[in-house]
Amino acid sequence: MTQQTIAAEEPGHRRSIASFVKSNIREYGMLLSLILIMAFFQYMTNGTLLKPLNLTNLILQNSYIVIMALGMMLIIVAGHIDLSVGSVCGFVGAVAAVLIVKLGYHWLPVTFFCLALGAAIGAVQGYFVAFWKIPSFIVTLAGMLVFKGLALWILAGQSVGPFPVPFQRMASGFLPDAATGVIEAFNLTSFLIGAAVTALVIYFNVRERRAQQAHGLVEEPFAFFLGRNLLVAGGFLLFSYLMASYKGLPNVLIVMFALIVLYAFVTSSMTIGRRIYALGGNEKAARLSGIKTNRLTFYTFTNMGLLAGLAGLIFAARLNTATPKAGLGFELDVIAACFIGGASASGGVGKVVGAVIGAFVMGVMNNGMSILGVGIDLQQMIKGLVLLAAVFLDVYYKNKA
Amino acid sequence: MTLAMTQQPRTDVILEMRGITKTFPGVNALDNVNLVVRQGEIHGVVGENGAGKSTLMKVLSGVYPHGDYSGEIYFQGRECRFRDIADSEKAGIVIIHQELALVPLLSITENIFLGNEPAKSGIIDWHAAFARTRALLKKVGLRESPDTLITDLGVGKQQLVEIAKALSKEVKLLILDEPTASLNESDSDALLALLKEFQNQGISSILISHKLNEILKVADSITVLRDGATVDCLDCHAQKVDEDRIIRSMVGRELADRYPKRSPRIGEPIFEVKDWVVYHKEHADRQLIKGINLNVRKGEIVGIAGLMGSGRTELAMSIFGRSYGQKISGQVLLHGKEIDVSTIDKAMKAGIAYVTEDRKNYGLVLIDDIRRNVTLANLGGVSRNAVIDDGEEQKVAHRYRRDLNIRCSSVFQQTVNLSGGNQQKVVLAKWLFTGPEILILDEPTRGIDVGAKYEIYTIIARLAEEGKGIIVISSEMPELLGISDRIYVMNEGRIVGEMPTKEASQEKIMRAIMKSWNN
């Protein structure tokens with residue numbers, strides 16, 4: 001019957017704009033709500049939100065959440081959850097601090113060691129989930145407690161810092177300007193990089209549309225394509241202009257952007273990404289299709305551990321100290337970002353870009369409400385309601401479709 | 001008022017549904033459907049998938065409340081306007097769905113009285129519950145303790161629990177939706193006998209089934225639905241009704257032949273299984289497959305007949321990358337050479353494909369579209385350096401859509417929205433795209449309608465013609481007799497008979513099974 005419904009809605013191949021909007025409301029809706037939230041706070045804070053300094057802070061404050069959300073999205077798509085990321089994040093930062101500050105090791109090998117440590121932690125948890133079929137909720141809940149305790153233990157309850165300057169740069173440094181002083185107080189290199197990335201994004205979008213056209217499968221009306229690209233281009237250019245007029249592009253932003261592109265590509269275009277979606281969509285069918293589902297689950301957790309480790313390093317470097325409280329509650333922000341970004345709790349659904357937008361929805365609200373001086377109590381309540389509203393709308397539109 | 005007077009329903013009629021019309025956005029699911037069930041009769045409702053049987057029953061049982069549809073329902077002479085299922089159950093109409101609604105980890109008693117517990121101010125009277133359960137179980141002929149957990153019962157017994165549950169509600173009209181779909185022959189017969197017995201006690205029933213032979217066995221009258229309308233109403237006592245007569249109404253055309261004609265060109269044996277032994281996946285001491293030998297020749301369709309529980313699916317899945325069982329031993333040979341089938345991956349690479357009997361749970365990723373399902377088992381075939389080529393992938397999906405005649409709005413349609421027959425074609429496409437030499441098809445036409453079955457048979461015949469070796473496992477003996485060249489009969493983990501289809505018959509197959517039991 002549903003089949004007939006669809007056939008009835010689609011005379012020929014051309015979809016009407018209305019039906020296109022209907023079927024893609026989730027993706028556009030998310031981007032739109034981010035823009036609306038930003039506009040709202042921009043207005044309420046009298047323009048403070050998008051001041052270059054604040055924008056830079058916004059990026060720095062949310063980078064570790066975004067980075068972990070990339071891994072969490074894969075975990076959720078695979079049909080699992082990871083509650084331990086906050087603790088792992090704090091623990092890895094603590095290990096780095098002890099090794100560098102207390103024991104005097106060089107920061108570079110320690111960085112690599114800590115990334116490997118994160119991956120190893122993820123692998124151990126993944127081992128129990130994938131090969132022993134212990135629910136991920138339980139395994140990672142245990143992990144959350146264990147690593148929170150371990151972090152406390154190795155820091156002996158104290159904050160450890162400061163880090164050497166090159167290590168700090170990882171989180172708080174900026175891309176140096178190769179053309180210093182060409183324009184007064186403007187990081188031309190950063191702006192040009194931003195412009196180049198914009199051009200690349202547009203180029204790839206056009207190329208993809210061409211390819212779709214070649215197969216006669218263009219779904220998106222041209223007006224939407226144009227609008228979307230203008231919006232993206234405008235946003236990117238404005239963003240890089242604002243960043244350039246402060247200190248330029250933060251190093252973290254470059255790492256984060258590279259990771260977003262990498263994970264978006266892996267999930268949308270690579271076989272391993274496709275297999276993770278199939279695993280979350282129907283594990284039994286995926287396994288009977290020759291996909292090594294256990295191994296794949298193991299990999300997603302290992303990957304999550306690696307990203308949690310990276311986030312831990314960035315967070316420690318940003319604060320310039322490792323504290324026992326580092327990472328506290330991060331898992332909730334990360335998981336919320338994924339669900340706001342359209343992931344389905346039953347697995348198989350969710351996009352990397354969605355998780356990134358979700359993370360920034362949370363980030364902008366945190367930042368905006370702090371500027372407005374909204375109390376932490378109210379902030380929590382509002383964030384909770386936004387999460388519920390996002391998921392409710394998701395379910396609402398799915399039922400209507 | 002006067003209108004109601006003139007249309008006063010007859011007294012020997014327990015249920016009359018008049019002019020039922022139910023629309024979903026854009027579709028007329030039911031269009032002016034009439035259904036009359038006489039007091040104390042077994043009434044068969046048949047129709048292809050999507051003909052509107054389930055929708056009609058949902059209207060009747062209150063799943064679609066009054067106001068959601070137009071038309072009238074008279075039950076025991078009174079017009080009924082059910083608001084929900086509880087409402088219709090109160091009136092004495094109980095529906096048992098195809099997918100059983102039992103809680104696996106609760107006991108029989110707890111399930112029977114779920115939501116209807118004998119209790120005083122919220123405290124359950126377990127003594128009363130157990131006593132009543134015992135009486136009910138006796139009535140349906142189920143010899144199990146009321147304490148037994150549902151998960152420990154076979155499907156046939158679970159069905160009986162469902163019926164006992166219905167009886168506990170003082171049912172007057174029992175509706176069974178495909179009750180025998182997952183039952184073996186003897187359980188099915190027992191169930192049908194039970195319906196007959198209820199009939200003697202004055203309980204009327206509506207039986208919805210694809211298995212026309214069962215309907216013919218017990219039904220007093222039959223209503224045929226097609227495309228949401230009543231097309232035929234047959235009285236089995238007043239006229240001679242047979243399967244062909246019903247099928248003619250169901251599909252609206254003569255099905256000259258239910259199986260495609262083929263002229264098999266059978267070559268040398270290409271696939272052999274030798275001394276295959278498999279133990280139960282949980283009980284390591286229970287041997288399920290007890291030394292099976294079989295072979296398939298090039299271009300041959302080999303049928304495996306047997307009752308439910310004879311080990312056919314377990315045999316197939318254990319061959320396919322040990323996806324079932326443990327302590328597996330024996331040899332699998334392709335073109336005379338032993339192949340490694342120790343993992344699904346290796347079995348696929350060796351050239352074996354297994355099309356599951358349970359396409360929704362084991363065959364498809366229902367939330368994904370046709371395209372993604374088709375390429376899932378062979379992503380390597382549409383990618384370079386692990387990067388998927390979208391264009392190539394779409395081309396492949398389009399090719400199979402055309403070749404297998406998958407009816408859909410586009411290859412981007414979610415498979416959950418496809419009819420059973422088209423879903424099955426998507427699963428077939430997935431396995432064909434892996435380029436197998438041996439295809440094992442487990443119940444390839446289960447739960448799909450007559451027209452789509454013919455299409456599936458045609459595809460199977462074409463694959464055999466291309467020189468592939470095909471094994472078809474089926475519980476429907478006419479199907480095996482209709483499409484295969486040779487039939488193995490399996491029982492209790494052994495091959496107990498082998499015969500060319502030309503010499504085979506349902507009786508011969510049953511006799512082989514019976515004989516093996518006597519030994």
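Below, read A as the first sequence line, B as the second, and so on, with proteins coming before strands; counting in each chain starts at 1.
- Per-residue counts of heavy-atom pairs under 4.5 Å with chain A were compared for A386(B), S383(B), A377(B); the largest is that of A386(B).
- Expressed to the nearest 0.5 Å, how far CZ of R274(A) lies from CG of L379(B) amounts to 6.0 Å.
- The environment of CZ in F298(A) is crowded: more than 12 heavy-atom neighbours from other residues, nucleotides or ligands sit within 6.0 Å.
- Counting heavy-atom neighbours within 6.0 Å of F131(A) CZ, excluding the residue itself, gives a total above 12.
- Contact of I367(B) with chain A is made through the side chain alone, with heavy-atom distances under 4.5 Å.
- Ranked by heavy-atom pairs shorter than 4.5 Å toward chain A, the options K360(B), M317(B), E393(B) are led by E393(B).
- In this structure, OG on S289(A) lies 10.5 Å from CG on N378(B), to the nearest 0.5 angstrom.
- In this structure, CG on D358(B) lies 10.0 Å from CG on L288(A), to the nearest 0.5 angstrom.
- Heavy atoms of T375(B) lying under 4.5 Å from chain A belong exclusively to its side chain.
- If you take CG on L376(B) and CZ on R275(A), they are separated by 8.0 Å, rounding to the nearest 0.5 Å.
- Counting non-hydrogen atoms of neighbouring residues, nucleotides and ligands closer than 6.0 angstrom, the CZ atom of F128(A) reaches no more than 12 such neighbours.
- One distance of note links OG of S268(A) with CG of D390(B); it measures 8.0 Å at 0.5 Å rounding.
- Here the straight-line distance linking atom CG of N282(A) with atom OG1 of T415(B) works out to 9.5 Å at 0.5 Å rounding.
- Between K284(A) and N361(B), the shortest heavy-atom distance links the atoms CB-O, 3.5 Å.
- The closest side-chain heavy-atom distance from V365(B) to Y277(A) is not below 4.5 Å.
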